[in-house]
Amino acid sequence: MQPILRSKRALLLLALTGLVVLFMLMVPAGDGYVLHRTDGLVYAGGGGGGGSEAVSSEGAEAGKVEYPPAPKLKESDYPTISGINSRVFVWLVAQLHLWFAAFVLAVPIFVFIIEAIGMATKDERYDKMAYEFIKVSITAYSITAIFGGLLAISLMVFYPDFMKYLTLIFGDSFIWYALIFFAESACLYIYYYGWNAMKHGFRKWMHLTIGFLLNGVGTTLMLFANAWVTFMMSPEGVDASGVFGGNMWEAIHNHLWNPINLHRFIANVAYGGSVVGAYAAYKFLSATTEEEKAHYDWMGYTANFIAIAALLPLPFAGYWLTAEIYAYSQQMGITLMGGVFAWLFIVQAVLIGALFLSANYYLWCGMERSEGAYRYTPYIKYIGFVIVVCFLVWFTPHTMILTPSELKALGGQYHPILGPLGIMPAKNTAVNIMIIFTFLSFLLYRRANKIPTVSWASFGNGVQIGIFTAAMVNIMILGVYYGYFTNTVYKVASSVPQVVATLMVIVAGVVIDVFMYRGAKEVGPLKWGKMPERSQYALFLLAVSFTWLMGLMGFIRSAIRQHWHVYTVMRDNSVDAFTPTIGYAAKVVSVGTIIFMAIVIFIFWLSHLSGKKQTEYQR
Amino acid sequence: MRLLQFVIWVIISYLFFKLPGILMGKPIPSSLILMYMFFAVVMILLVMTSTEKSTRELLAPIKSMLEDPSKKLIRNVVFVIVPIVAGVITYEQIKPTYEAPVELRSTHPAPPSTIKIYGKTYDLLALENPYRKYEKEDPEKFKELVREGGEVYFKHCFYCHGDKLDGKGHYGQGFNPLPLPFQGKDTIAQLQESYVFWRIATGGPGLPKESTPWLSAMPIWEDFITEEEIWKVILFIYDYTGNVPRSWE
Amino acid sequence: MGNFIKVVVFSLVVIWLYVVFSANYIPPITPAPPPKEEVLDLSEMTMDDFLALGEKIYDGKGTCTLCHNPVMKRAPLLERTAVVAKERLKDPRYRGKAKTVKEYLYESLVDPSAYVAKGYGVTGTNDTVSPMPDVSKGAIGLNEVELWAVVAYMQKLAGVDITVEIPRGEAVAATEEKKEEKEEPARTPQAVLEKYGCSACHKMTEEGMDPGLGPDLSKIGAKRDKEYLRRAIVDPNAEITEGFSPMMPDTYKDQMTAGELELLVEYMAGQK
């Protein structure tokens with residue numbers, strides 16, 4: 001069969017599905033309805049799925065298909081609807097879809113872990129908390145699907161030729177996507193609605209297995225969407241003019257697929273944790289009883305822990321991704337790190353700094369919960385000092401913003417003391433030390449209420465101090481010596497041992513602590529709920545910053561393709577092909593963040609509503 | 001007392017950011033000090049409010065100033081001063097000045113992938129200095145090439161970029177943007193030789209738009225010196241400053 | 001409700017701070033607009049586009065730099081040709097019909113022997129016959145528009161005023177027409193040699209001159225078998241004879257018909 005014809009039929013199916021999705025949106029949302037969410041496209045529900053399979057098998061019968069090259073578009077090929085800026089519209093819808101999708105994919109990951117911990121420790125509280133987490137995400141699941149549908153429709157409306165081209169290559173994967181989406185919906189609904197029905201004994205094991213399946217299926221779903229997105233950045237499986245070689249696996253397994261997979265997976269977990277943290281914080285603030293306060297305090301603490309635990313390895317995943325972008329195309333790499341985008345990374349540095357500050361602050365405030373913490377409070381100021389110094393180094397730009405008189409005095413856009421702080425070795429060193437000290441905050445918090453009873457406690461302490469010091473010295477030497485006194489080959493290479501040193505500290509610190517505090521004496525009972533209100537705002541800051549940051553990084557990832565739909569293969573010739581200014585992007589991201597927050601508040605309110613009815617009934 | 005501590009710490013950190021610049025005669029940019037101070041103050045506040053006790057101590061004077069009947073006088077003074085200070089700051093911010101607006105010039109913009117000079121097309125991503133190989137193969141010849149590069153430098157470049165390659169040539173001070181120094185680890189040490197080649201050959205007019213509002217005064221050297229001379233002078237500026245060009249692998 | 005408002009206000013303030021930071025603190029830079037795409041439509045072509053097309057042909061399809069380069073010294077350098085053209089027109093050795101510089105340049109592309117630069121003629125002809133092929137025919141086969149683009153580029157190269165006009169209307173139509181008509185395949189080995197201009201680089205016959213760019217092929221049948229010769233034409237860079245550089249175009253595999261290739265191989269194998 002002719003590929004054009006094939007793509008036309010596939011598109012028709014997509015359009016039909018879009019209509020189905022729209023129709024479903026109008027039907028009051030019940031438990032049984034199913035929506036399809038994709039990053040780019042929606043595939044048929046029910047009959048549509050069968051139809052598309054028929055298409056693919058016909059295609060296979062025809063033997064080797066001759067694929068056309070990527071279409072060369074003119075400005076007039078892009079439909080316009082007056083009053084709507086198609087790029088901003090697609091941008092916002094895609095970003096909202098991604099925010100919800102990240103949240104919805106992440107929550108089951110740690111719910112599964114918490115449930116498993118609850119099973120292992122036989123502590124009912126874990127189970128209860130896990131259930132509450134998943135409850136928050138279930139409404140978000142439908143909203144994710146709604147935005148997915150909307151995204152698919154808007155892409156088809158505004159960028160039809162581009163979608164035709166993608167369908168030509170990925171058409172078959174859309175079917176798989178649809179099927180997997182069915183599987184995910186099934187798993188999620190059974191997992192959530194069967195929670196209480198499968199609570200004990202063998203059934204609980206079954207429940208846990210479903211949770212595992214849910215995560216497997218959800219992650220697979222993400223891998224598909226990532227393949228389409230990374231294909232646009234680093235196309236493979238097509239030749240220079242965009243003629244598809246017929247092997248879809250090549251197109252899926254493109255150069256940036258795995259780096260993006262890892263980065264998104266980790267970031268999703270961190271992001272999910274931060275949103276749930278905001279939920280717990282809000283519940284904490286509006287709690288009326290002591291038990292409620294204690295419960296939500298604990299929930300907030302756990303969520304924060306998850307967010308931070310995932311945040312710590314994230315910069316390393318980011319380095320890998322950046323390195324792979326450079327490896328794929330230096331042109332793209334230089335676009336990313338130089339010129340306009342360099343300033344976006346300063347913005348990113350400020351936001352990540354804000355994340356670290358709020359996470360540390362939350363831990364410090366948390367020390368109030370225990371009696372024994374007073375021993376450690378004097379150290380807070382030193383930790384704070386180091387973190388702020390690292391942070392300042394981290395966001396010091398290389399090219400300064402100068403008034404003309406300063407420019408004259410300096411004699412250039414670079415500063416003799418600050419200039420060296422502006423380049424990568426300084427930043428790598430700073431971020432590694434910042435991570436180590438954040439970990440130290442956590443370690444102090446862990447120890448706050450405990451006194452070790454093992455005989456080698458002081459020795460263990462000594463070893464830990466030794467490891468911390470050695471790692472920091474190592475990182476400093478690597479950063480300063482190799483960063484400034486050798487050539488660039490080592491500059492880039494030295495970041496790897498720095499990361500290794502940091503990871504070593506974290507692993508060794510945890511291992512020693514676990515053994516050292518085994519059977520440790522508690523100073524006093526841990527008072528969950530004894531938490532100042534201001535600490536909860538740290539959790540809000542975390543969630544808001546994370547959302548905004550994700551929006552910004554999403555923009556960067558997409559914008560480094562510049563004026564290409566598919567990098568170097570299919571050009572974007574629409575009026576919106578230009579790269580916007582940072583301010584413009586920041587405003588779009590902010591509008592998206594506000595819409596997202598409004599919907600999230602609505603979701604929280606919904607879950608609050610369901611809780612309210614129950615208590616009234618019980619009375 | 002805590003409040004006093006807070007104020008002292010804020011002042012200390014301000015001096016910490018401001019002083020080195022004044023002492024060196026190289027001011028730290030005010031835009032950067034603003035950001036530094038913002039985060040320093042935030043951090044001081046965070047540390048000081050990390051425990052309930054110190055938070056109370058910090059806020060107690062403010063609270064008592066606002067609520068204690070015996071402090072009516074202070075309260076009234078503060079209520080007058082604060083709006084006045086705010087007014088003065090606002091006025092200072094928005095009053096018209098003769099200073100040109102702050103500009104953000106991208107000094108090292110992303111290069112194009114190919115350039116056309118000397119009637120040829122160069123692939124900047126693969127371009128290498130043809131003489132670099134002699135550094136290992138034939139150190140004698142390399143030394144000679146560096147010396148020739150030095151001659152080129154002092155014939156053409158030093159008027160602006162200076163005899164110490166520090167960007168302080170005789171004519172350099174008249175330009176905006178000023179000529180870049182090659183000393184230090186943050187200019188040519190961060191760049192590949194192909195990048196430097198591009199900058200020399202096409203000069204100020206060859207800069208992309210992000211390096212405007214106006215172009216730098218660097219001439220289009222393609223019109224004055226040969227390709228070989230550019231490569232030699234590149235050898236020289238790296239050699240003289242002890243920098244090593246950036247490479248990717 | 002009080003909490004709700006506090007949280008919302010707090011979040012909005014945070015977002016506002018981020019926007020102020022990225023939109024106001026950092027002075028706005030407007031990134032460069034996307035680069036212009038190669039214009040394929042002649043009616044919309046500007047002179048710059050046209051010159052770019054000429055340069056592309058000069059370096060690529062036209063294979064001009066193969067001989068006209070400072071290294072091989074096989075043909076005169078063209079950097080100043082448009083300047084000296086005026087004197088050439090008056091030169092008694094000139095045998096062409098051109099009246100203006102652009103006509104002269106055009107003629108030099110399609111009838112290279114009209115004027116042969118001193119020392120660059122075929123040996124023994126006293127600079128009356130040029131070894132250069134007619135670039136509008138055979139392997140190079142530039143069309144009308146492409147030829148004029150090269151002429152324009154040569155004027156740019158010399159730094160003189162560009163007098164060429166971008167061909168529109170009839171000339172374009174003529175070009176398109178020309179594309180339509182199919183070239184007849186060569187029927188004799190000599191015709192093949194002529195068509196693909198082999199002797200521009202190789203010595204092909206005992207009597208022929210040796211341009212020295214490629215190996216001497218006048219007795220090649222004695223050294224190589226047909227299999228080798230066939231490969232040497234369709235994939236010239238597979239094996240390079242010692243002492244020569246890999247400069248033979250690898251486009252013959254697309255240009256020659258199977259019959260032409262066999263004729264040529266037969267002929268060369270018989271040259272002993």
Side-chain angles (χ1 to χ4, degrees), chain A residues 326 330-331 334-335 338-343 350 353 357 360-361 364-365 367-368 373-374 377 380-381 384-385 387-388 391-392 395-420 422-423 483-489 491-492 532 534, chain B residues 17 20-21 24-32 35-36 39-40 42-44 46-52 54-55 99-111 113 125 166-168 172-173 176-181 184-187 189-190 208 210-211 243-249:
Chain A
Y326 265 111
Q330 292 195 356
Q331 177 76 12
I334 294 171
T335 307
V340 185
F341 289 93
W343 282 94
V350 168
L357 291 190
N360 275 290
Y361 185 62
W364 299 337
C365 286
M367 288 195 186
E368 294 270 306
Y374 293 109
T377 42
I380 288 175
K381 51 181 174 287
F385 177 75
I387 287 179
V388 83
F391 176 35
L392 296 186
F395 82 73
T396 301
H398 189 208
T399 312
M400 304 285 169
I401 300 171
L402 300 169
T403 60
S405 59
E406 285 167 346
L407 190 68
K408 269 273 102 103
L410 279 185
Q413 211 96 30
Y414 299 128
H415 194 279
I417 332 174
L418 298 175
I423 54 178
Y484 293 96
F485 299 100
T486 56
N487 68 37
T488 345
V489 179
K491 268 173 216 172
V492 178
R534 57 177 188 280
Chain B
F17 297 135
M24 286 182 62
K26 297 268 180 192
I28 312 273
S30 57
S31 61
L32 202 58
M35 282 311 286
Y36 280 173
F39 282 104
V42 165
M43 186 44 112
I44 295 167
L46 290 187
V47 170
M48 286 194 162
T49 59
S50 62
T51 62
E52 201 60 54
S54 83
T55 311
E99 190 125 316
V102 171
E103 54 158 315
L104 184 62
R105 182 187 282 276
S106 185
T107 321
H108 291 147
S113 55
L125 299 179
D166 52 3
K168 287 186 187 147
Q173 299 305 306
N176 182 9
L178 290 157
L180 276 191
K185 297 282 164 189
D186 57 347
T187 55
Q190 293 290 315
E210 64 214 61
S211 288
N243 282 318
V244 181
R246 182 169 202 148
S247 57
W248 286 113
E249 52 268 74

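All values reported here derive from a predicted model rather than from experimental measurement. A, B, ... follow the sequence lines: proteins, then strands. Residue 1 opens every chain.
Annotation: side chain of B/M43 is in contact with side chain of A/L357 (closest heavy-atom distance under 4.5 Å).
For B/L32, the part lying near chain A is the side chain, with the backbone staying farther off; criterion is any non-hydrogen pair under 4.5 Å. Contact of B/M48 with chain A is not made at all, since no heavy-atom distance falls under 4.5 Å. Contact annotation for B/I44: neither backbone nor side-chain heavy atoms come within less than 4.5 Å of a heavy atom of chain A. Contacts between B/S54 and chain A at a heavy-atom distance below 4.5 Å are absent for every atom of the residue.
Remark: the backbone N or O of A/E368 is not paired with any side-chain donor or acceptor of B/E52 at under 3.5 angstrom.
Residues that satisfy the ring pair (Phe, Tyr, Trp, His ring centres under 6.0 Å) test with B/F17, not counting sequence neighbours, are B/Y36. Take B/N243 and apply the side-chain contact (heavy atoms from CB on, under 4.5 Å) test, not counting sequence neighbours, and it matches B/K185, B/I188, B/A189, B/Y238, B/T241.
In plain terms, the two heavy atoms of A/R534 and B/T49 that are nearest each other are NH2-O, 2.6 Å. When all heavy atoms of A/V388 and B/F39 are compared, the closest pair comes out as CG2-O, 3.8 Å.
Of the listed residues A/T377, A/N360, A/T396, the one with more heavy-atom pairs under 4.5 angstrom with chain B than any other is A/T396. Between chain A and the options B/S31, B/P20, B/A40, the largest number of non-hydrogen pairs under 4.5 Å is found for B/S31.
Remark: B/T51 OG1 to A/I380 CD1 distance equals 7.0 Å, nearest 0.5 Å.
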